[in-house]
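Some notes on the structure that comes next.
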There are 2 protein chains.
Amino acid sequence: MISFDNFTMVDGSPIYQQIILHIKRGVIAGTIADGDELPSRRVLSALLGVNPNTVQKAYKMLEDEGLIASHSGAKSCMVLTADTVRSIKLELVAADARTAVRALRQMGISLDEAREILEKYWEGEEEQ
Amino acid sequence: MISFDNFTMVDGSPIYQQIILHIKRGVIAGTIADGDELPSRRVLSALLGVNPNTVQKAYKMLEDEGLIASHSGAKSCMVLTADTVRSIKLELVAADARTAVRALRQMGISLDEAREILEKYWEGEEEQ
DNA sequence: ATAACTGTGTTAGTGGAATAATACAGTTTC
DNA sequence: GAAACTGTATTATTCCACTAACACAGTTAT
């Protein structure tokens with residue numbers, strides 16, 4: 001069963017997107033694998049304290065991407081191939097890196113400074 | 001006069017916030033300095049193709065932060081001290097770095113990988 | 001078979017963002 | 001001083017993302 005223990009909600013971005021991101025990042029990290037069962041819509045919504053439809057929306061979008069298989073009545077589960085994982089990783093890393101690099105460059109920060117910042121905050125986020 | 005030439009609108013976040021970010025990043029980069037005049041609400045809204053009220057909202061929030069001085073009838077201009085710039089820089093860099101680092105760590109990426117990614121995308125965003 | 005689960009679909013409410021149309025007052029420029 | 005700019009304020013409206021509440025149908029376990 002996929003875990004949502006270290007899931008921390010942030011305001012500013014939609015909850016359903018945070019759920020999607022949490023799952024995709026788990027896939028990339030290898031903590032979520034092919035065939036793994038997902039918590040049901042109702043169970044997860046109760047766990048996160050949100051409406052079942054919010055979870056449904058996240059699961060539906062993942063299903064539309066082909067990452068989840070849902071059969072009415074039975075639990076949903078992950079559908080992952082090596083190729084899928086690879087492309088998800090590329091997609092997410094690219095998005096995050098591009099956003100951060102663009103911001104830093106717009107602030108006139110040099111590559112050397114950026115390296116220092118990276119290392120500084122890498123340690124700062126140690127407690128995960 | 002503050003330039004908005006390399007301003008590129010993104011959907012996903014409110015326009016008024018993008019305007020605020022553009023200005024703050026310019027301040028950090030040093031391309032926007034104390035006393036610099038801002039384009040009027042009407043001019044900028046025409047330039048960006050948005051409603052004057054959207055620009056007004058951005059300017060108003062910057063004024064509430066004390067970064068802009070507005071006198072009825074005259075053009076608004078930047079109000080910046082060394083301390084202000086320093087604190088803005090800390091605030092923005094911290095936010096961006098924290099977000100990126102947290103994402104990379106959740107994907108199980110190592111610090112070495114992160115360094116490579118940084119350098120790769122640093123070159124990729126060269127054209128600014 | 002029945003209870004308790006599962007997924008799915010429909011409908012409705014809420015809030016924020018963006019747009020729009022004005023109006024008024026101060027300043028700059030000539 | 002007159003014209004053309006500037007900032008400020010008000011009000012209403014539209015639109016959509018997000019969330020919520022509920023009903024319905026299939027599956028599983030006992």
Side-chain angles (χ1 to χ4, degrees), chain A residues 1-4 7-24 32 35-80 95, chain B residues 1-4 7-24 32 34-80:
Chain A
M1 177 73 70
I2 293 177
S3 160
F4 277 79
F7 181 89
T8 49
M9 273 201 20
V10 186
D11 53 39
S13 82
I15 300 176
Y16 75 92
Q17 281 188 12
Q18 297 183 44
I19 296 173
I20 293 175
L21 264 186
H22 180 266
I23 292 176
K24 283 190 175 179
I32 296 177
D36 281 1
E37 276 186 353
L38 292 115
S40 81
R41 274 77 164 163
R42 289 180 237 271
V43 167
L44 182 55
S45 67
L47 185 63
L48 302 183
V50 301
N51 191 275
N53 284 359
T54 304
V55 180
Q56 162 66 7
K57 185 167 189 174
Y59 280 17
K60 178 68 167 57
M61 296 186 76
L62 287 168
E63 191 187 2
D64 289 344
E65 273 193 81
L67 269 55
I68 281 183
S70 298
H71 302 292
S72 195
K75 285 223 185 73
S76 302
C77 63
M78 303 298 303
V79 178
L80 298 172
Chain B
M1 178 72 71
I2 293 178
S3 160
F4 277 79
F7 181 88
T8 49
M9 273 199 22
V10 185
D11 52 41
S13 80
I15 300 176
Y16 75 91
Q17 280 188 11
Q18 297 182 43
I19 295 174
I20 293 175
L21 262 186
H22 180 266
I23 292 177
K24 283 190 177 180
I32 295 177
D34 182 64
D36 281 1
E37 277 186 352
L38 292 115
S40 81
R41 275 76 163 163
R42 291 180 236 272
V43 167
L44 182 55
S45 67
L47 186 64
L48 302 184
V50 301
N51 191 276
N53 286 357
T54 304
V55 179
Q56 162 66 9
K57 184 167 190 176
Y59 281 16
K60 179 69 167 56
M61 295 186 77
L62 286 169
E63 192 187 1
D64 289 343
E65 271 192 82
L67 270 53
I68 282 184
S70 297
H71 303 291
S72 195
K75 286 222 185 73
S76 302
C77 62
M78 302 299 304
V79 179
L80 298 172

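What you see is a predicted model; the values in this text were computed from it and never measured. Lettering of chains follows the sequences in order, A, B, ..., and the numbering in each one begins at 1.
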Below the 4.0 Å mark, does [N] have OP1 or OP2 next to a side-chain nitrogen or oxygen of [X]?
X: B/Arg41; N: D/dT6; result: no
X: A/Tyr16; N: D/dT19; result: no
X: B/Ser76; N: D/dG7; result: yes
X: B/Ser70; N: D/dT8; result: yes

| task | Check A/Gln18 against A/Met9 and note the closest heavy-atom contact, atom names and distance. | result |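 Between these two residues, the closest heavy atoms are OE1-CA, 3.5 Å.
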
| message | With a 3.5 Å cut-off and heavy atoms only, can you find an N or O donor on one side and an acceptor on the other between the side chain of B/Arg42 and the base of D/dT6? | response |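 For B/Arg42, whose side chain was compared with the base of D/dT6, there is a donor-acceptor pair (under 3.5 Å).
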
| said: Return whichever of A/Asn51 or B/Leu38 has its heavy-atom-nearest nucleotide of DNA chain D closer to the 5' end. | reply: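 First, find each residue's nearest nucleotide; the 5'-ward one identifies B/Leu38.
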
| said: Let me spell it out: for each of B/Ser40 and A/Lys57, pick the nucleotide of DNA chain D with the closest heavy atom. Which residue's pick is nearer the 5' end? | reply: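 Result: B/Ser40.
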
| So what does A/Val55 touch, heavy atoms closer than 4.0 Å: a base, only the sugar-phosphate, or nothing? |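 No contact.
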
| request: Indicate, with a heavy-atom threshold strictly under 4.0 Å, whether B/Glu63 touches base, sugar-phosphate, or nothing. | output: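 It contacts sugar-phosphate atoms only.
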
| field | Shortest side-chain distance from A/Asn53, nucleotide among D/dA9, C/dT8, D/dC22 | value |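 Per side-chain heavy atoms of A/Asn53, the pick is D/dC22.
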
| Of the listed nucleotides D/dA9, C/dA25, D/dA20, the one nearest the side chain of B/Ser72 |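 Of the options given, the side chain of B/Ser72 lies nearest C/dA25.
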
| said: Are more than 12 heavy atoms, taken from residues, nucleotides or ligands other than A/Asp64, located less than 6.0 Å from that residue's CG atom? | reply: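 Count over threshold, so yes.
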
| task | Please report, rounded to the nearest Å, how far the C1' atom of D/dA17 is from the CD1 atom of A/Ile15. | result |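 Going from A/Ile15 (CD1) to D/dA17 (C1'), I get 12 Å.
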
